[in-house]
**Student:** 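Structure provided below as structure tokens; questions to follow.
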Amino acid sequence: MPDVRVKVNEQIYSINCDPGEEERVKALADYLDGHVQKLTKDVGRIAESRLLMLAALTVCDELFAARELLASGGDDRPALAKMIEDAADRVERLTASLQSRDPSD
């Protein structure tokens, strides 16, 4: 089983994956890291566990929005892109709300 080294939030992680999936794992980690970097710019330094949770929620929100559009029979790419943008906005508002409630993180 291949071992892939990825970097998220300036940390190196070793991830096991199936043979042939190495590039996909790297791409997924890069995508997640992009969300982490955006959140860091938006909210500043917060606990890494909270930062990774918020990034994961952002990605999950994008996934749910895409699933909802597909389930409704939609295949309009601009509409899907708009739903993903709206999902990201919701998570950003959630991030701001969480940060204002618990300044210790």
Side-chain angles (χ1 to χ4, degrees):
M1 186 169 271
D3 186 49
V4 179
R5 295 176 59 82
V6 298
K7 186 167 139 180
V8 176
N9 196 32
E10 302 302 319
Q11 296 288 329
I12 303 294
Y13 296 92
S14 246
I15 308 292
N16 291 324
C17 64
D18 291 329
E21 291 295 314
E22 298 89 349
E23 292 306 313
R24 182 166 178 85
V25 170
K26 289 177 186 177
L28 293 169
D30 287 345
Y31 186 77
L32 178 62
D33 190 52
H35 282 285
V36 168
Q37 297 308 316
K38 182 178 183 326
L39 285 166
T40 299
K41 286 178 187 174
D42 290 347
V43 301
R45 305 251 345 136
I46 60 174
E48 184 174 57
S49 60
R50 179 166 279 203
L51 181 63
L52 292 175
M53 174 59 76
L54 291 171
L57 286 173
T58 302
V59 173
C60 289
D61 203 19
E62 290 176 357
L63 173 63
F64 277 40
R67 283 181 175 172
E68 289 167 5
L69 180 63
L70 292 173
S72 71
D75 60 358
D76 182 7
R77 289 179 190 259
L80 181 57
K82 175 72 171 122
M83 289 183 79
I84 290 172
E85 287 176 22
D86 290 346
D89 289 343
R90 287 192 303 274
V91 172
E92 287 174 12
R93 286 191 301 275
L94 173 64
T95 301
S97 172
L98 288 172
Q99 190 173 24
S100 68
R101 288 185 194 162
D102 189 3
S104 65
D105 277 339

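All values below were derived from every heavy atom in this structure, side-chain atoms included, with hydrogens, water molecules and symmetry-related copies excluded. Bear in mind the structure is a predicted one, so any value in this text is a computation, not a measurement.
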**Student:** With a 4.5 Å limit on heavy-atom distance, are the side chains of V6 and L32 in contact?
**Tutor:**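 They are not in side-chain contact.
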**Student:** Can you measure from CD (E23) to CG (D30) and round to the nearest 0.5 angstrom?
**Tutor:**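 Between E23 CD and D30 CG, I get 9.5 Å after rounding to 0.5 Å.
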**Student:** With no hydrogens and no angle check, is any side-chain donor or acceptor of E22 less than 3.5 Å from a backbone partner on G20?
**Tutor:**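 Here the side-chain-to-backbone pair exists.
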**Student:** Any side-chain heavy atom of V8 within less than 4.5 Å of one from L52?
**Tutor:**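 SC-SC contact between V8 and L52 confirmed.
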**Student:** Just jot down the side-chain hydrogen bond (donor to acceptor under 3.5 Å, both in side chains) partners of Q37, sequence neighbours excluded, or say none.
**Tutor:**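 For Q37, the residues satisfying side-chain hydrogen bond (donor to acceptor under 3.5 Å, both in side chains) (neighbours in sequence not counted) are D33.
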**Student:** Could you state whether Y13 and V36 fall into the same hydrophobic cluster, counting links through intermediate Ile, Leu, Val, Met, Phe, Trp or Tyr residues with side-chain heavy atoms under 4.5 angstrom apart?
**Tutor:**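 Same cluster: Y13 reaches V36 through Ile, Leu, Val, Met, Phe, Trp or Tyr contacts under 4.5 Å.
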**Student:** Within this structure, what is the CZ-CG distance for the pair R45 and L51, rounded to the nearest 0.5 Å?
**Tutor:**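 Here the rounded value is 8.5 Å.
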**Student:** Looking only at non-hydrogen atoms, find the nearest pair between A55 and L39 and report the distance.
**Tutor:**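 Closest approach of A55 to L39: N-CD1, 3.3 Å.
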**Student:** Could you pull out all residues at least two apart from N9 that satisfy side-chain hydrogen bond (donor to acceptor under 3.5 Å, both in side chains)?
**Tutor:**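 Scan of N9 (side-chain hydrogen bond (donor to acceptor under 3.5 Å, both in side chains), adjacent residues dropped) gives E48.
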**Student:** Between E21 and P2, is any pair of side-chain heavy atoms under 4.5 Å apart?
**Tutor:**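 They are not in contact (no side-chain heavy atoms under 4.5 Å apart), so the answer is no.
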**Student:** If the condition is side chain to side chain contact (heavy atoms under 4.5 Å, CB included), which residues does S14 pass it with, not counting sequence neighbours?
**Tutor:**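 By the side chain to side chain contact (heavy atoms under 4.5 Å, CB included) rule, S14 matches D3, R5.
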**Student:** With rounding to the nearest 0.5 Å, note down the distance linking CZ in F64 to CD in E68.
**Tutor:**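 Output value for this atom pair is 8.0 Å.
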**Student:** In Å and rounded to the nearest 0.5 Å, what is the CZ to CG distance from R50 to L57?
**Tutor:**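 Those atoms lie 10.5 Å apart.
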